[in-house]
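This structure is a prediction, so every number in the text was calculated from the model and none was measured. Basis for what follows: all heavy atoms, side chains included, without hydrogens, waters or symmetry-related copies. In what follows, chains carry the letters A, B, and so on, assigned in the order in which the sequence lines appear, proteins first and then strands, with residues in each chain numbered from 1.
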There are 2 protein chains.
Amino acid sequence: MGARRRSRKPLTRERILDAAVTFADEHGVDALTMRKVAKALGAGVMSLYNHVAHKEEMLFGMVDRVVGEIEQPSFDDDWKQAMRDSAKAAHTMLMRHRWAAAEWSRQMPGPQRIRYMDAILRVLTDAGLQPHVVYHGYHAITMHIVGFALQQIGYEQVLGEDFEQMASAFLADLSDTHPHMAEHVRAHLDDEDHGDEFTFVLDLLLDGLERANT
Amino acid sequence: MGARRRSRKPLTRERILDAAVTFADEHGVDALTMRKVAKALGAGVMSLYNHVAHKEEMLFGMVDRVVGEIEQPSFDDDWKQAMRDSAKAAHTMLMRHRWAAAEWSRQMPGPQRIRYMDAILRVLTDAGLQPHVVYHGYHAITMHIVGFALQQIGYEQVLGEDFEQMASAFLADLSDTHPHMAEHVRAHLDDEDHGDEFTFVLDLLLDGLERANT
DNA sequence: ACCTGAACACCGTTCAAGT
DNA sequence: ACCTGAACACCGTTCAAGT
């Protein structure tokens with residue numbers, strides 16, 4: 001132990017994306033730096049540029065790489081169940097790579113995301129939904145997946161701060177001026193039943209799509 | 001004309017946020033720099049720090065400022081119509097300030113956003129929806145608003161690039177390997193009926209909430 | 001073909017000094 | 001109380017040089 005250089009293997013786009021994803025998982029995407037990725041690989045900064053065009057393109061590759069971790073939906077199951085499982089898998093991935101949801105919404109689709117989209121569109125099409133319902137459904141579902149992850153991550157981030165005492169003072173203030181908001185925050189705090197909010201809203205969408213098809 | 005210093009008025013948080021929003025609207029949030037905001041105001045960089053804590057806090061203020069531009073929903077109309085109008089107003093704002101949707105999902109709610117949330121929660125509550133439906137409904141609706149804006153902005157950004165010729169080459173490739181995806185892209189390109197996708201999915205949600213209430 | 005250090009043109013922010 | 005320039009510790013990326 002104690003060796004400084006990380007590896008003798010040659011640098012690769014693959015290895016760079018790996019290191020970058022690991023770093024972002026651990027330290028957040030804001031702390032992600034070309035210099036730090038290089039260091040994690042025991043290479044000079046400029047060596048990275050032989051395999052990625054620039055930082056933004058590296059981020060593009062990173063998102064696409066983690067999207068590839070989502071397992072494909074089943075084409076045999078009940079379509080709604082297949083969608084629920086696939087959405088859940090996507091959600092789990094976005095919670096594992098907490099930077100990925102924001103980046104997903106910033107970057108263009110790469111090969112893995114195109115493959116993912118194609119699979120979802122196929123499930124909806126095979127379910128017998130009309131083209132315009134498939135079209136809207138695809139957007140509604142992916143929006144829900146990414147949007148929900150973004151919101152949950154933001155919410156959990158707040159919880160990480162000086163929350164316990166802040167919350168009650170905040171609620172006291174709020175109760176006078178914004179009663180509905182205060183009630184909503186309270187509901188968040190006693191996080192009881194809404195444990196499966198993700199599925200609740202997803203089902204709202206799936207049922208809605210089914211009904212819109214008639 | 002030709003005066004370099006922008007103004008003799010003293011620096012204010014208000015004026016700083018104004019300048020920053022205007023700059024971000026024009027040049028995008030990536031190009032937004034403390035130095036450039038200062039220059040736009042004819043002030044030294046460090047003067048900004050007398051009124052905002054740091055760049056991140058300035059961005060927080062910027063989002064909250066533009067959220068304040070969304071007009072409050074009506075409490076008299078049919079609740080669904082009120083929600084549709086309010087969602088439309090929010091969407092229009094997010095299209096006017098194209099950086100705002102991404103920032104909305106990154107920043108904590110400020111005073112204006114709390115006021116906005118409270119109003120929406122009130123509409124849903126007054127509609128007679130059960131607490132857990134209000135709770136889920138609020139999230140589903142705001143998720144749709146922000147998520148839709150993010151997706152539309154991303155999509156329009158792609159269109160701005162070397163698209164016309166790229167699209168057909170891209171489609172040819174795609175048709176073989178990802179037929180459903182190719183079909184979806186084609187549907188996007190003939191942007192016919194889906195003109196009101198935003199409302200279509202929103203109505204899916206509103207109807208779903210109503211039904212979930214029984 | 002791949003790797004790299006030096007250098008450039010930027011950043012956000014600290015600090016100490018001004019009024 | 002507000003303003004500011006100089007300085008610090010970083011960035012991403014260009015370039016020219018190495019193998």
Side-chain angles (χ1 to χ4, degrees), chain A residues 3-65 99 102-103 106-108 157, chain B residues 3-65 99 102-103 106-108 157:
Chain A
R4 223 5 168 323
R5 310 204 79 92
R6 212 43 159 277
S7 138
R8 281 282 55 105
K9 285 188 296 184
L11 232 36
T12 308
R13 176 166 232 268
E14 194 94 352
R15 290 189 62 227
I16 291 173
L17 293 182
D18 254 34
V21 165
T22 303
F23 186 93
D25 286 351
E26 273 174 38
H27 305 101
V29 80
D30 282 345
L32 184 73
T33 275
M34 298 305 274
R35 285 167 150 94
K36 291 191 195 139
V37 174
K39 192 176 209 168
L41 290 161
V45 206
M46 292 319 299
S47 308
L48 303 182
Y49 288 87
N50 291 304
H51 304 95
V52 299
H54 43 250
K55 189 185 185 183
E56 195 64 14
E57 199 267 336
M58 187 178 81
L59 284 164
F60 168 85
M62 289 167 66
V63 193
D64 208 56
R65 188 188 166 292
W99 49 273
E103 224 50 44
R106 258 170 36 80
Q107 300 285 343
M108 289 192 45
Q157 207 151 296
Chain B
R4 222 4 164 331
R5 309 205 80 90
R6 213 39 159 281
S7 136
R8 278 285 52 107
K9 286 189 297 183
L11 232 39
T12 307
R13 178 167 230 269
E14 194 94 353
R15 290 188 62 225
I16 291 173
L17 294 182
D18 254 36
V21 165
T22 302
F23 186 93
D25 286 350
E26 273 175 38
H27 306 99
V29 81
D30 282 345
L32 182 73
T33 274
M34 297 306 273
R35 285 166 148 95
K36 291 192 197 138
V37 174
K39 193 169 191 173
L41 290 161
V45 206
M46 291 319 297
S47 308
L48 303 182
Y49 288 87
N50 292 303
H51 303 95
V52 300
H54 42 251
K55 188 185 186 186
E56 195 65 13
E57 198 267 336
M58 186 178 82
L59 284 163
F60 168 84
M62 289 168 66
V63 194
D64 209 56
R65 188 188 166 292
W99 49 273
E103 224 49 45
R106 258 171 37 81
Q107 302 285 342
M108 290 190 43
Q157 208 152 294

Can you tell which of D/dT13, C/dG12, D/dT4 lies closest to the side chain of B/Asn50?
D/dT4
If the cut-off is 4.0 Å, is A/Lys36 near the phosphate of D/dC10, judged by side-chain N/O to OP1 or OP2?
no
A/Met46 or A/Ala31: which one's nearest nucleotide on DNA chain D is closer to the 5' end?
A/Ala31
Is there a donor-acceptor pair closer than 3.5 Å between any side-chain N or O of B/His51 and the backbone N or O of B/Leu11?
yes
C/dT14 pairs with which nucleotide, Watson-Crick or G-U wobble, both distances below 3.5 Å?
D/dA6
Could you work out which one of C/dG12, C/dT4, D/dG12 sits closest to the side chain of A/Arg35?
D/dG12
With a 4.0 Å limit, can you tell me whether B/Lys55 has a side-chain N or O closer than that to the phosphate oxygens OP1/OP2 of C/dC11?
no
Between C/dA9 atom P and A/His54 atom NE2, what is the distance in whole Å?
21 Å
Please report the distance, rounded to the nearest Å, between CG in B/Leu41 and P in D/dC3.
11 Å
C/dA1 OP1/OP2 closer than 4.0 Å to side-chain N/O of A/His51:
no
Heavy-atom side-chain proximity of A/Leu32 to A/Met62 below 4.5 angstrom
yes
Measure the shortest side-chain to side-chain distance between A/Thr12 and A/Leu17 over non-hydrogen atoms and say whether it is less than 4.5 angstrom.
no
Whole angstrom value for the distance that separates C1' of C/dG5 from NZ of A/Lys39
16 Å
Taking CD1 from B/Ile16 and C1' from D/dT4, how many angstroms apart are they, rounded to a whole number?
14 Å
When you get a sec, tell me which of C/dC3, D/dC3, D/dA7 is the closest nucleotide to the side chain of B/Ser47?
D/dC3
Check the distance between D/dG12's C1' and A/Glu57's CD and give it to me in whole angstrom.
14 Å
Kindly say whether A/Glu103 contributes a backbone atom to a donor-acceptor pair with the side chain of A/Gln107 at under 3.5 angstrom?
no
